[in-house]
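Following: one structure in structure tokens, then a few remarks.
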Amino acid sequence: MASKSTVSALQEYCAKHKIPPPTYECIDAEDGSFICRAQVMNVEADGQGRSKRDAKHSAANNLIKRLRMDYPDIDNIRPVEHTPIPTVDMIVTLRDYCVQRQHPLPVFEIVQQGGPPDAPEFIALCSVASIRRYGVSDHKKHAKQIAAAKILEVIYDGTPAQEHEMQVASIDNKMEDIESERYQKFKTYRELTESGIDDPPGVLLCDRHNYFTKFHNKIKQAAKEILNSHSYDEDYENQVRDLFHALKITPRIKKVPAEKTVEPIVQIEIDCEYDVLFANLSGIVYKNVLDYFRDMLD
């Protein structure tokens with residue numbers, strides 16, 4: 001990503017050329033998203049997003065493109081990479097699709113974060129079965145939205161079957177795509193290691209394991225006692241809550257009704273140095289969390 005956002009780049013451009021700063025006007029769109037109109041001098045451009053902020057950045061990005069075309073005789077605004085944020089909630093869309101088709105539910109992780117304070121960068125990983133896609137943004141939630149959208153591009157073929165529906169290609173038919181992605185990852189890894197870069201991007205499983213094993217011994221011991229306890233009588237929900245309390249981790253837990261089952265979908269997001277998102281039926285997700293920490297604290 002560039003060192004600053006499109007809005008900052010446009011603001012710098014106006015200050016440098018001593019022209020009035022850009023103006024932004026946002027309105028509600030019919031689909032629940034927002035439309036923003038950005039203007040500098042007599043040049044206008046629109047942008048759309050799920051929030052007013054997303055719409056503003058999209059409008060600034062489009063206005064930069066217009067300025068480069070309309071004023072070729074002045075200095076260009078420095079390039080800024082801008083990834084459009086989906087105008088619908090792709091995480092919910094992906095989760096609902098997986099539930100309807102009885103596919104494994106998506107799992108989200110923030111695998112890397114960095115950048116200066118005024119321009120942070122987050123890389124999110126979305127996994128469905130063995131299919132993995134990444135999203136990059138200056139906000140965690142946007143990076144997850146982009147990653148979810150890329151997964152949907154893989155498992156949808158995009159052909160309308162009838163109004164408001166799409167034909168969906170089976171995940172089993174995407175093995176060729178998965179193998180191609182694995183080859184590309186291997187090729188990229190080889191290029192990185194041969195280029196002299198000491199720290200390839202991404203988070204290794206051993207780094208994630210080491211993060212939890214470096215917890216204070218008293219914290220780990222208290223957590224292991226809960227993990228190994230037989231007093232919960234399969235009350236996994238309370239066992240997980242006690243586990244998080246022992247680890248001094250405050251999770252975000254959300255229950256979402258499922259369309260084809262009485263049992264709700266539970267989302268558990270762990271907000272720590274290595275973010276992890278669990279999502280599954282309530283009878284399964286708490287077991288997944290317990291198994292995860294048995295491995296991480298071992």
Side-chain angles (χ1 to χ4, degrees), residues 31-33 50 83-111 122-137 139-182 185 203 205 236-237 240 251-271 274-292 295:
D31 61 357
S33 61
R50 292 182 56 233
T83 303
I85 307 300
T87 57
V88 299
D89 194 329
M90 302 306 291
I91 294 176
V92 173
T93 302
L94 175 60
R95 186 204 66 223
D96 289 347
Y97 164 70
C98 290
V99 170
Q100 292 169 5
R101 299 287 172 163
Q102 297 183 341
H103 292 321
L105 290 174
V107 177
F108 295 88
E109 298 180 57
I110 298 298
V111 297
F122 299 96
I123 300 178
L125 167 64
C126 177
S127 304
V128 173
S130 57
I131 300 177
R132 298 153 63 90
R133 289 294 185 272
Y134 297 88
V136 182
S137 181
H139 277 64
K140 290 182 181 180
K141 64 178 183 179
H142 292 165
K144 293 176 182 178
Q145 289 285 339
I146 294 169
K150 290 182 177 180
I151 284 285
L152 282 166
E153 289 178 1
V154 174
I155 61 178
Y156 281 4
D157 68 3
T159 304
Q162 56 185 22
E163 189 175 4
H164 304 306
E165 292 187 0
M166 295 169 27
Q167 287 183 339
V168 182
S170 170
I171 290 180
D172 294 336
N173 295 333
K174 296 298 179 179
M175 292 307 297
E176 182 177 348
D177 179 83
I178 297 170
E179 292 301 322
S180 175
E181 182 184 10
R182 287 174 177 167
K185 286 182 180 179
V203 175
L205 182 60
Y236 302 118
E237 181 175 355
V240 167
R252 289 187 288 273
I253 302 177
K254 178 181 178 183
K255 292 186 178 181
V256 182
E259 294 184 2
K260 294 189 175 182
T261 177
V262 177
E263 191 175 9
I265 298 293
V266 177
Q267 295 179 353
I268 302 176
E269 185 172 0
I270 302 173
D271 190 5
Y274 295 107
D275 290 358
V276 182
L277 176 65
F278 299 90
N280 213 322
L281 297 175
S282 58
I284 300 176
V285 67
Y286 294 107
K287 294 181 183 179
N288 293 342
V289 174
L290 295 172
D291 290 340
Y292 179 83
D295 291 335

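Contact of the S137 side chain with the I146 side chain is registered, since non-hydrogen atoms from C-beta on lie closer than 4.5 Å. The shortest side-chain heavy-atom distance between V240 and P251 does not fall under the 4.5 Å cut-off. Within the 4.5 Å cutoff, the side chain of V289 has no heavy atoms near those of the Y236 side chain. Looking at F108 and I151, their side chains never come closer than 4.5 Å, going by heavy atoms from C-beta outward.
Taking the charged nitrogens against the carboxylate oxygens, K144 and E269 do have a contact shorter than 4.0 Å, which makes a salt bridge.
Of all heavy-atom pairs spanning L94 and P106, the tightest one is CD2-CB, 3.7 Å.
From L125, atom CG reaches atom CG of L277 across 11.0 Å, with rounding to the nearest 0.5 Å. The line from CD1 of I265 to CZ of R95 is 6.5 Å long, rounded to the nearest 0.5 Å.
Applying the side-chain contact (heavy atoms from CB on, under 4.5 Å) criterion to K254, with sequence neighbours excluded, gives V256, Q267. Under the rule for a ring pair (Phe, Tyr, Trp, His ring centres under 6.0 Å), the partners of F278 that lie at least two apart in sequence or sit in another chain are Y292.
You'll find the ring centres of H103 and Y97 inside the 6.0 Å limit.
The salt bridge (Lys or Arg N to Asp or Glu O under 4.0 Å) contacts involving residues 276-291 comprise D291-R294, where partners must be two or more places apart or lie in separate chains.
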